[in-house]
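Data block below; observations after.
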Amino acid sequence: MNTPYRDLGRCRVRRALLAGLSAAVLLLAGCSAGGDGESTEGDKAAGDTTCDGRIDGTAHITMWFHAGQSGELSTLKSQVKEFNRAQPQVRVELVTLPEQRPYTELVLSAAASGDLPDLLDFDGANLYSYAWSGTLKPIDSCVPAKVRGDLLPSIRRQGTYDKRLWGVGTFDSGLGLYVRPSVLKKAGVRVPKGTGDAWTADELTEILRKLRADGYEAPLDLNFADSARPDEWNTYAYAPAVWSAGGDLIDPEEFRTADGFLNGPESVGALTTMQSWVEDGYVDESVDKSAFVKGRSVISWMGHWKYGEYSEAHPGDVAIVPLPDFGRGTVTGMGSWQWGIPSGGADGDAVWRFLEYLLQPEQVVRMSEANGAIPATERAVKLSPLYDEDGAERLFIEQLRSGVARPRPQTPAYPAVTDAFARAVAEIVFAGAPAQRTLDRAVEAIDQDLAAHDGYPKSGP
């Protein structure tokens, strides 16, 4: 890679940082609308010219990546190096940036100042706001039907907005209850066998009573240290309880209001039930985040990334079962980081050449082994014994294939929705606030944002 191009990548980061948070706030506000269908090959006729099938000369592309867990970063660095070494036509430069909120603010600042890279890594839940605001370009013209068909349905669904494909991921996520089968059996508690066999919320309450009687003072781990803060984790982890009860975070069809959905009786009931678990002392409130590992808790409401740590702590005595059924069947979360092509002058074909490499089965498996996530393609899933019929993480792939896993609201209003809901969960479940009044306030905040942006018309800002 030549020096001038490396300097260009660094310059973009510096300019984005200097753009400041005011631009980020403006862009976040300008992000929301709906659409839940998957794109089709026919959508290419709608004007997507991101890829035209040609790469002229040697193409240089910059990519931004959130500095998440070390396994992801080291794997991606190796993939970039090997890709550059294997062919001469596309040269990729990797720029790593802070994770979570600082990263999102940096992306939005860069979008406002026109300093985005050629390839962008972003949390999948932000795709809808990025697509609506013009931060991303559609990639229907880049992704061949064969590749698209190999993607898990959850990956296609997460990457789709307004019937167009805007992003692809190399992995997805899994959420469920980790349990200690030996302890449950000793207490006379059945171990669910699949998504159609989930405990009901009332059944889980009774199980917690039994486990306490058996000496486990706080048998349920709800990741208290993180959940008590109003972060994105709360939406990912606990929106499924609301959905399972028959509620929602916003009108799931038109995305025009949260009233009657987020503050309806179903949502109030689900969060009140969870609040009772905390108030009755069934939830471990330690800050060390090791309730399950140290054996204080027997049940942990947690994601795929904990499987390795938990199974190492309790060899041969860890199972993953569905989240509880609050009335309408078990529901779980989905979605993770994705790749997209920002608006601008990027050579879409050059970018896709690299993305196609990352989506090769062996590369997908390589990344999922590094971060413990769920492989994004069917061919890669077949290479991992964890997802075999009797595999330890089989539930995760079943949930993603069957529709039990639901994406977070697919609207550009998502930044406002998740901010309001995450705060409400922290206040209701973990701080004991009245559910109805708190959810009414959350609805007000969401609907004010919708009104301020004219309901986020699909024509864009």
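Atoms considered below: every heavy atom in the structure, side chains included; atoms not considered: hydrogens, waters and symmetry mates.
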Salt bridge (charged side-chain N to carboxylate O under 4.0 Å, His left out) against [X], all qualifying residues, sequence neighbours excluded:
X      : result
Glu356 : none
Glu203 : Arg190
Asp226 : Arg229, Lys289
Arg256 : none

Non-hydrogen side-chain atoms of [X] and [Y] separated by less than 4.5 Å:
X      : Y      : answer
Phe326 : Glu266 : no
Val107 : Leu116 : yes
Asp123 : Tyr103 : no
Phe430 : Glu285 : no
Leu400 : Pro153 : no
Lys306 : Phe292 : no
Thr195 : Thr332 : no
Leu177 : Pro324 : yes

Pairs involving residues 422-432, ordered by first then second residue, that meet side-chain hydrogen bond (donor to acceptor under 3.5 Å, both in side chains) (sequence neighbours left out) | Asp419-Arg423, Glu427-Arg441
Rounded distance (nearest 0.5 Å) linking atom [atom1] of [X] with atom [atom2] of [Y]:
X      : Y      : atom1 : atom2 : answer
Ser227 : Met274 : OG    : CE    : 8.0 Å
Met367 : Gln79  : CE    : CD    : 4.5 Å
Ser78  : Arg366 : OG    : CZ    : 5.5 Å
Phe261 : Phe255 : CZ    : CZ    : 10.5 Å
Asp284 : Tyr216 : CG    : OH    : 13.0 Å
Tyr178 : Ile320 : OH    : CD1   : 4.5 Å

Val283 pairs by side-chain contact (heavy atoms from CB on, under 4.5 Å) with which of Asn223, Val429, Leu220?
-> Leu220
Only residue of Asp447, Leu450, Asp259, Val443 satisfying side-chain contact (heavy atoms from CB on, under 4.5 Å) with Ile250 is Leu450
Looking only at heavy atoms, which two atoms of [X] and [Y] are closest? And how far apart?
X      : Y      : answer
Thr438 : Ala433 : OG1-CB, 3.5 Å
Ala346 : Val351 : CB-CG2, 4.4 Å
Asp454 : Pro457 : O-CD, 3.5 Å
Ser141 : Cys51  : OG-N, 3.0 Å

Is a side-chain donor or acceptor of [X] paired with a backbone partner of [Y] at a separation under 3.5 angstrom?
X      : Y      : result
Ser276 : Thr273 : yes
His314 : Tyr310 : no
Ser267 : Gly247 : no
Asn234 : Ala422 : yes
Asp172 : Gly335 : yes
Arg408 : Gly333 : no
Gln399 : Val404 : no
Trp352 : Cys142 : yes
Thr330 : Pro322 : no
Asp118 : Thr62  : yes

Step-by-step side-chain contact (heavy atoms from CB on, under 4.5 Å) determination, Phe171 to Glu72 = CA-CA 11 Å; Phe171 52 86; Glu72 286 183 355; 3.7 Å; yes
Please list, chain by chain and in numerical order, all residues satisfying side chain to side chain donor-acceptor pair (under 3.5 Å) with [X], sequence neighbours excluded.
X      : result
Thr205 : Trp277
Ser74  : none
Thr418 : Glu232, Thr235, Tyr414
Gln436 : Asp440

Arg437 atom CZ: more than 12 heavy-atom contacts under 6.0 Å = no
Do Ser286 and Asp288 have a side chain donor and acceptor closer than 3.5 Å?
-> no
Would you check if the distance from the ring center of Tyr387 to the ring center of Phe396 is below 6.0 Å?
-> no
Report yes if the distance between the aromatic ring centroids of Trp301 and Tyr238 is under 6.0 Å, otherwise no.
-> yes
Is any NZ, NE, NH1 or NH2 atom of the basic residue among Arg406 and Asp248 found under 4.0 Å from an Asp or Glu carboxylate oxygen of the other?
-> yes
Thinking salt bridges, do Arg296 and Asp221 make one under a 4.0 Å N-O criterion?
-> no
CA sep, side-chain torsions, deciding dist, call: Leu208, Ile299, side-chain contact (heavy atoms from CB on, under 4.5 Å) = CA-CA 9 Å; Leu208 297 176; Ile299 302 170; 4.3 Å; yes
Are Trp243 and Leu323 close enough, and set up right, to give a side-chain contact (heavy atoms from CB on, under 4.5 Å), and what steps lead you there?
-> CA-CA 11 Å; Trp243 293 327; Leu323 295 180; over 6 Å; no
Acceptor/donor pairs from residues 338-345 side chains to any protein atom, 3.5 angstrom cut, sequence neighbours excluded:
{"residue": "Ser343", "atom": "OG", "partner": "Gly134", "partner atom": "O", "Å": "2.5"}
{"residue": "Ser343", "atom": "OG", "partner": "Leu136", "partner atom": "O", "Å": "3.4"}

Go through the structure and list residues passing ring pair (Phe, Tyr, Trp, His ring centres under 6.0 Å) with Phe122, not counting sequence neighbours.
-> Tyr130
Tyr307: what forms a ring pair (Phe, Tyr, Trp, His ring centres under 6.0 Å) with it, not counting sequence neighbours?
-> none
What do the steps show when you test Leu358 against Val168 for side-chain contact (heavy atoms from CB on, under 4.5 Å), and what is the final call?
-> CA-CA 10 Å; Leu358 294 184; Val168 292; over 6 Å; no
